[in-house]
Number of protein chains: 2
Amino acid sequence: MSRRRVTLADVAKAAGVSRTAASLVLSGRSRELRLSQEVEQRVLRAAEELEYRPNIVSLGLRTGITRTIGFVSDTVATSRLAGDMIKGALEAARERGFMLFIGETEGDAELERLLVQAMHDRQVDGLVLASMFTRTIKVPESITAVPAVLLNALPERPTPLPAVLPDEVEAGRRAARVLLEAGHRDGIHLIGAGPDLRDPSESVAAVERLAGIREVLAAAGTRVAGAPSVPDWQPEYGHAATRELLATTRPRALICFNDRLALGAYQAFDDFGLKVPADVSVVSFDDHPIAGWMRPRLTTVALPHYELGRRAVEVLFTEIDREQPDPGRDGEVHRIPMPLRDRDSVAPPSGSPC
Amino acid sequence: MSRRRVTLADVAKAAGVSRTAASLVLSGRSRELRLSQEVEQRVLRAAEELEYRPNIVSLGLRTGITRTIGFVSDTVATSRLAGDMIKGALEAARERGFMLFIGETEGDAELERLLVQAMHDRQVDGLVLASMFTRTIKVPESITAVPAVLLNALPERPTPLPAVLPDEVEAGRRAARVLLEAGHRDGIHLIGAGPDLRDPSESVAAVERLAGIREVLAAAGTRVAGAPSVPDWQPEYGHAATRELLATTRPRALICFNDRLALGAYQAFDDFGLKVPADVSVVSFDDHPIAGWMRPRLTTVALPHYELGRRAVEVLFTEIDREQPDPGRDGEVHRIPMPLRDRDSVAPPSGSPC
DNA sequence: AACGTTCGCTAACCCGATTTAGCAATGGAA
DNA sequence: TTCCATTGCTAAATCGGGTTAGCGAACGTT
């Protein structure tokens, strides 16, 4: 709506030189091509006075580089934490002067194809294929045209694409250690480890967390006392499963596989007049915002969403920068540590074991 | 990394015609320019066989239209439902074949300037300036080059930009009506309406919600019984303010200005052994995910994030499509209805009034 | 004096599309 | 036959940059 953009031609004219000269100066190649200091100064001054900014669209056409990456995810909305993932990706991109296209597939393969296509049409320099739950995905064939990274996802079949994932096994170990260090040995129950999860997307995290938990408990000479199955990781199922548990036993500690389940568990303890952490300790995963709002505040092993997003973009940049394909790095998996948020829901066991 | 993209020139060669002819056919202008059916068919067949897709970067350079809009927000991550807002924007954009650049300013004006610049450099066709809380913002001068819409924000000083906002006043009325319809007249207290909010960004919503509440209560011949002030809309302040209230009186109904405050209020009622909704009804705003997880499930007036995002982009499209500036529509404000989520936290008053 | 170098700069082409202007062939009218 | 219209298509310019090849002048060498 205002005046026309300033182009390189304008700068060249103002400086009284050719477009070539202006281009060379502004891309820092004036030394190499031995332009005079005189010309260099004139061009720089003109560019500054006119507030010249190169048109990236034009640049993209000529060089094939658009300083743009595509972030394709299944869902940004349903998970609260997605925002942090995008934020991490955004900041890492910004540090290199890149912008992000965002696209949502809703898990629809056809939509995904169209989106990836639309991004190719805009000549993105790379793609992040993100999932909001850790899970295995089918990598669309159409992505081969450009470097890509899987975020929070593993390929169904082996691909040369690198992947960035939370270190769920270590998270499982960490959760178990929290209880061990508080002195717990017996009556440790699991909520959410059920083998028959309705939503297979949650099973990767479940399997890996469980592995870490088992490993650490075994090393300490103890084991999980029980694990009622839940169909889904929602508060109501956490509530139901915990009630079921309380009907027959008095657990000393609970490892909930996410914070929503823990919220349900809290409600069940409330029903039975049990106090956290005096009667029962609770440790969980994810660090959902509610974890800090619950009473007592929930000790949980955090999903590092911000860091995941950031690392995905950083790994993508190394792919973009790499001249030669390096078969040695094919399918490299980057595991991001899941930090413990040590709050108020764990205490030493008291009273007699059950 | 695979073969070169198919260009218009490839299609033209395959069809044995000039690039001009191919371009005309593919942009549907072959009739108008009277190309033969013969040529038309050949071009279409070639394009299909080669799976030709126009390069949007090139198109952007030539036509100035990139089918891209920039979504600049202060924060996508920290706030509640930003994801839904982006989702709405994304879908509305996709329906027109547009993609979205996402950018975060963190409320930093300089960063905002740089971002808007970076988007201009990529020739976005329009901009959405979003805020995650309803509030007034300083519109950067640099946006004048392209159509723009304010989302969830009002300009500090009058501008010709349209704005899309939740209808907070009507939301206030709606909350008040819920209580009136349940039979409440007395002992209606407010949490979060305090005049001394620490964070002014929340004040627009607060002021407007309060206006709606007052209006409806006044029309019913009653009024707010009290409104302890809170420094911030966080659970702990909701908890503290409600405890303070309970120290001196027994409210019959609470209107919390957001769901996090309501969560804190629930905890305070719990402390005092009061039951929601038997002893006290609670109605709130926002429809944060926890609203459905609380027990009893919280009745709340929802922020229509998805709809806000969608409408912002739709309004932006009408701006983009508009040939002439239309002074009549300058600064038009679109209010999006906030729907009531009628759940379980409101009941008729029982016992004697206080 | 003739010739090769170096210096300092620019003309011209390229990326992949759209669009304007115009050309060759045909048909019809004068 | 000549001239003008119409039909059917293409050459060439354009968008805003990057890049290659090469040009003229000054200088140094033999």
Side-chain angles (χ1 to χ4, degrees), chain A residues 3-44 46-47 50-68 120-125 145, chain B residues 3-43 46-47 50-68 97 120-125 145:
Chain A
R3 69 194 181 291
R4 202 179 50 84
R5 255 186 94 92
V6 173
T7 71
L8 185 64
D10 298 327
V11 173
K13 193 199 279 182
V17 299
S18 69
R19 268 168 40 230
T20 307
S23 171
L24 291 174
V25 168
L26 294 173
S27 52
R29 308 212 305 143
S30 57
R31 269 302 124 68
E32 178 189 341
L33 269 289
R34 7 161 246 262
L35 299 198
S36 64
Q37 300 246 352
E38 160 72 19
V39 161
E40 181 167 311
Q41 287 311 312
R42 285 217 308 272
V43 169
L44 290 176
L50 298 176
E51 299 183 53
Y52 169 71
R53 318 205 76 232
N55 180 328
I56 298 193
V57 174
S58 163
L59 250 159
L61 182 57
R62 178 65 232 253
T63 66
I65 294 165
T66 53
R67 279 187 249 162
T68 297
H120 279 157
D121 293 348
R122 285 167 175 81
Q123 302 212 148
V124 293
D125 300 322
Chain B
R3 70 194 180 292
R4 200 177 52 85
R5 255 187 96 93
V6 174
T7 72
L8 185 65
D10 299 327
V11 174
K13 192 198 280 183
V17 299
S18 68
R19 267 164 44 227
T20 307
S23 170
L24 291 174
V25 168
L26 294 174
S27 53
R29 308 210 305 143
S30 57
R31 270 303 124 66
E32 176 188 342
L33 269 289
R34 6 161 247 263
L35 299 197
S36 64
Q37 302 245 350
E38 160 73 17
V39 162
E40 180 168 314
Q41 286 310 311
R42 285 216 310 271
V43 169
L50 298 176
E51 300 183 53
Y52 169 70
R53 317 205 78 231
N55 180 327
I56 298 192
V57 174
S58 164
L59 246 158
L61 180 58
R62 180 63 234 251
T63 65
I65 294 166
T66 53
R67 279 188 247 162
T68 298
H120 278 157
D121 293 348
R122 286 168 175 79
Q123 301 214 148
V124 294
D125 300 322

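In what follows, chains carry the letters A, B, and so on, assigned in the order in which the sequence lines appear, proteins first and then strands, with residues in each chain numbered from 1.
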For a quick test of reading the model, state the closest non-hydrogen atom pair linking [X] to [Y] and the distance between them.
X        : Y        : result
A:Thr66  : A:Arg122 : CG2-O, 3.8 Å
A:Gln123 : B:Asn55  : OE1-ND2, 2.7 Å
B:Leu8   : B:Ala22  : CD1-CB, 3.7 Å
A:Val11  : A:Val43  : CG1-O, 3.9 Å
B:Leu61  : A:Val57  : N-CG1, 3.6 Å

**OP:** Extract, from 5' to 3' on DNA chain C, the first and final nucleotides lying under 4.0 angstrom from some heavy atom of chain B.
**Re:**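 Terminal contacting nucleotides, 5' to 3': C:dG16 to C:dT20.
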**OP:** For B:Arg31, check salt bridge (charged side-chain N to carboxylate O under 4.0 Å, His left out) against everything at least two apart and list the hits.
**Re:**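 Checked B:Arg31 against salt bridge (charged side-chain N to carboxylate O under 4.0 Å, His left out); matches are B:Glu40.
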Using atom [atom1] of [X] as one end and atom [atom2] of [N] as the other, report the distance to the nearest whole Å.
X       : N      : atom1 : atom2 : value
A:Leu50 : D:dG16 : CG    : P     : 15 Å
A:Arg53 : D:dG16 : CZ    : C1'   : 15 Å
B:Leu24 : D:dG8  : CG    : C1'   : 11 Å
A:Ile65 : D:dG16 : CD1   : C1'   : 16 Å
A:Asn55 : D:dC15 : CG    : P     : 12 Å
B:Leu61 : D:dG18 : CG    : P     : 12 Å

Original post:
Which of the following nucleotides, D:dG17, D:dT10, D:dT19, is nearest to the side chain of B:Ala21?
Top reply: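 Given the options D:dG17, D:dT10, D:dT19, the side chain of B:Ala21 is closest to D:dT10.
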Original post:
Would A:Asp10 and A:Arg5 pass as an ion pair if we require N to O under 4.0 Å?
Top reply: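 No, this pair does not count.
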Original post:
For the helix from C:dA1-D:dT30 to C:dA30-D:dT1, how many degrees between its two end axes (five pairs per end), to the nearest 10°?
Top reply: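 Overall, the helix from C:dA1-D:dT30 to C:dA30-D:dT1 bends by 90° from one end axis to the other.
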Touch check for [X], heavy atoms < 4.0 angstrom, all strands: base, sugar-phosphate only, or nothing?
X       : result
B:Thr20 : base
B:Ser23 : base
B:Val17 : sugar-phosphate

Could you tell me whether a side-chain N or O of [X] sits under 3.5 Å from a main-chain N or O of [Y], the two making a donor and an acceptor?
X        : Y       : result
B:Arg67  : B:Gly97 : no
A:Asp121 : B:Ile56 : no
A:Asp125 : A:Thr68 : yes

Original post:
Can you check whether A:Tyr52 has a side-chain N or O nearer than 4.0 Å to OP1 or OP2 of D:dG16?
Top reply: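 Result: no.
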Subject >> Heavy-atom donor-acceptor pair, A:Arg5 side-chain to D:dG16 base, under 3.5 Å >> reply: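 Absent.
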Original post:
Applying side chain to side chain donor-acceptor pair (under 3.5 Å), which residue pairs with at least one partner in residues 15-27 of chain B are found, sequence neighbours left out?
Top reply: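 For residues 15-27 of chain B, and leaving out neighbouring residues, there are no side chain to side chain donor-acceptor pair (under 3.5 Å) pairs at all.
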**OP:** Would you jot down, in residue-number order, the residues of residues 27-41 of chain A having a non-hydrogen atom under 4.0 Å from DNA chain D?
**Re:**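 The answer is none.
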Subject >> Test side chain to side chain donor-acceptor pair (under 3.5 Å) applied to A:Arg29 - qualifying residues, sequence neighbours left out >> reply: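 For A:Arg29, the residues satisfying side chain to side chain donor-acceptor pair (under 3.5 Å) (neighbours in sequence not counted) are A:Glu32.
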